[in-house]
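Take a look at the structure below.
First listed ligand is number 1; within each ligand, the first listed atom is number 1. Position 1 is the first residue of the sequence; numbering continues from there.
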Amino acid sequence: SEVEQIRDNFIGAAALAAQAGFDGVELHAAHGYLINQFLSPDTNLRADKYGGSLHNRMRFLLEIVAGIKQLCPQLLLSVRLNLDDFLPNGLKINESLQVCQALEEAGIHLLHVSCGTYPSGLTSIEPSSYQEGWRMYLAEQAKKVVNIPVLGGGMIRRPSFAEEVLKQGQADFVFLGRPLLADPNWARKAAQGRDKDIRPCIVCNKCIDNKFSGRSIHCTVNPYAGREKERPVLFTRPGERRRVVVVGSGPAGIQAALTLDQYGLKVVLYEQDSELGGQLNVAAAPPHKYRIKHYRDYLQRRLQRSGVEIVLGHKYDQDHLGVDTPDYIIVASGSTSLLPPDWADQARGKACSVNELLASPQLVDGTTVVVIGGGLTGCEAADYLAGNGKRVTLIERQGRLAPTMERKNRRDLLNRLEENGVITKLNSQVTGVERGCLLVTDGQGKTETIDPDNIVFAMGYHPNRDLYEQLRLLHPRVYLVGDAQHIGGIGAAVVQGRKVAEQILKEDEL
Ligand SMILES: Cc1cc2nc3c(=O)[nH]c(=O)nc-3n(C[C@H](O)[C@H](O)[C@H](O)COP(=O)(O)O)c2cc1C
Ligand code: SF4
């Protein structure tokens, strides 16, 4: 039958792996893929010997295991198994624990515990609201019923947490997915006790979003992930060190400064604020985005250990060139919230931008708030305000909220907006102010008035390019990076910072 043919293909694939010299293989029986579909009563509607009772639903998997054991007895065999599909009719823990026992009896060597399927949504690759190690209880349950080693994980970020999982006996091994994209040296650094040197994953899920969109996997915080071949072979030149000024300490500026420093150039980093990080500081404020602060702290630690000279609380301008002329200048001056339209003047006193809100939450001192603009930052502002007990109305001129946001975090955020009673008005825009009230016109041209206590503008950003325009008239080698060049978020800024540094290094080599 077709089922038996597919079963034999699995066995044949394992045999090929053995022939190619692999020590082991893992069967994927999780996340809604084929073997999981056989196990799950939600998807397995068969009436033959492969469907119905758990005994029958396990048959496909157990026949594959038996076939591999027979054909390649030396091959180590792991099974990645859903302990819970998190679907109303899916595989649940009472049944999956029986599958664990059957697999042990069948002779597998490692049980890799996972959960969730595509239809159940957010649990196999979680959005940022999930707590570190939230699914370890599943591995712990599995460990109670088998003696073979159990591998558990999901949303584990810190070595200390992983260590605790092992110490508590919740699992025998811990797996990492995204943390290894963010820092491929995670395990080495953990083993060396260098936890603070690990570049942290911020759970933005851009990596998996890229994959689902058919693009190659890249990482927001690691500019080389998926671009390994782009890493240039550059040589530091002995002799006089070229000098670079970097203006702005957001992710683009810091990445450029660190890359140049690594290759031996003398870098001075100017930041007009009293702390490093630029937009990272406000980006970390909305709910469940605190890991951005961990990333900022990591960058700060790397800067402190580097040879980069940091000048805080100092606005760099063209007058500096008269005093001291560097060989290169990188302008990473970021972006500013777009100014609200003229009518907003009448609402002055109760209005602020998203950035102002996130930096100084006390600005929103009333109970009812209208957020104008339902892009990513507007939705995050609404989430933040509603989570703090405000009654929020979100107005978006398009028909969809946060259309560019990564889909898992987007789904999670929209769920929270709904749970917290945020009123959304799509295809609507504010057309004016009358006696302090907002006039909101919907897609049908119907206008209503809303009189909120506060208004938050989330209408996008414009690049800060004035400094660049001034400097490039006075200096031959001035580069523009990050939001100041193109509003593109952390990932784009980090890659640009890296690329401009490499460009300078290449020029310097010539
Ligand atoms: C970019 C990316 C690709 C993934 N691809 C797969 C896959 O092909 N099969 C699979 O079972 N899990 C896949 N996963 C899920 C991971 O194996 C892991 O279970 C999940 O990311 C949670 O662990 P983490 O928090 O350590 O990333 C993928 C995850 C990411 C981020
Ligand atoms: S892209 Fe985001 S979620 Fe993926 S590994 Fe990098 S930081 Fe983590």
If we number the atoms of ligand 1 from 1 as shown, the ones under 4.0 Å from a heavy atom of Phe175 are 18 (C), 19 (O), 23 (O)

Under 4.0 Å from one or more heavy atoms of Arg178, ligand 1 contributes atoms 21 (O), 22 (C), 24 (P), 25 (O), 26 (O), 27 (O), 31 (C)

For Arg157, the ligand 1 atoms with a heavy-atom partner under 4.0 Å come out as 24 (P), 25 (O), 26 (O)

Numbered in order shown, the ligand 1 atoms found under 4.0 Å of a heavy atom of His31 are 10 (C), 11 (O), 12 (N)

Note to self: With a 6.0 Å cut-off (strictly less than), is the heavy-atom count around CD of Glu228, excluding the residue itself, greater than 12?
What the structure shows: yes

Exactly one of Arg410, Arg416, Lys289 clears salt bridge (charged side-chain N to carboxylate O under 4.0 Å, His left out) with Glu380, and that residue is Lys289

Could you go through the ring-ring contact (aromatic ring centres under 6.0 Å, His included) check for His294 and Tyr290 one step at a time? CA-CA 7 Å; His294 298 171; Tyr290 60 91; 5.6 Å; yes

Within 4.0 Å of some non-hydrogen atom of Lys211, the atoms of ligand 1 are 3 (C), 5 (N), 8 (O)

Ile217 heavy atoms within 4.0 Å reach ligand 1 at atoms 1 (C)

The expected count of protein N/O/S atoms at less than 2.8 Å from atom 2 (Fe) of ligand 2 is 1

If you scan protein heavy atoms around atom 26 (O) of ligand 1, the nearest is Gly177 N, 2.7 Å

- Query: For Ser124, is the nearest heavy atom under 4.0 Å from an atom of ligand 1?
  - Reply: yes

Query raised in the report: Is it true that Lys293 and Asp297 make a salt bridge, defined as a side-chain N closer than 4.0 Å to a carboxylate O?
Result: yes

With heavy atoms and a 4.0 Å threshold, my read on which part of Arg135 contacts ligand 1 is side chain

How about Arg57 and Ser40: does a side-chain donor come under 3.5 Å of a side-chain acceptor? no

Under 4.0 Å from one or more heavy atoms of Glu126, ligand 1 contributes atoms 22 (C)

- prompt: So, does Lys189 use its side chain to make a donor-acceptor pair with the main chain of Asp197 at under 3.5 Å?
  reply: yes

Quiz prompt | Proximity flag Ser114 to ligand 1, non-hydrogen atoms under 4.0 Å | solution = no

Nearest non-hydrogen protein atom to atom 29 (C) of ligand 1, with distance, is Ile125 CD1, 3.4 Å

In ligand 1, the atoms that come under 4.0 Å of a heavy atom of Pro179 are 26 (O)

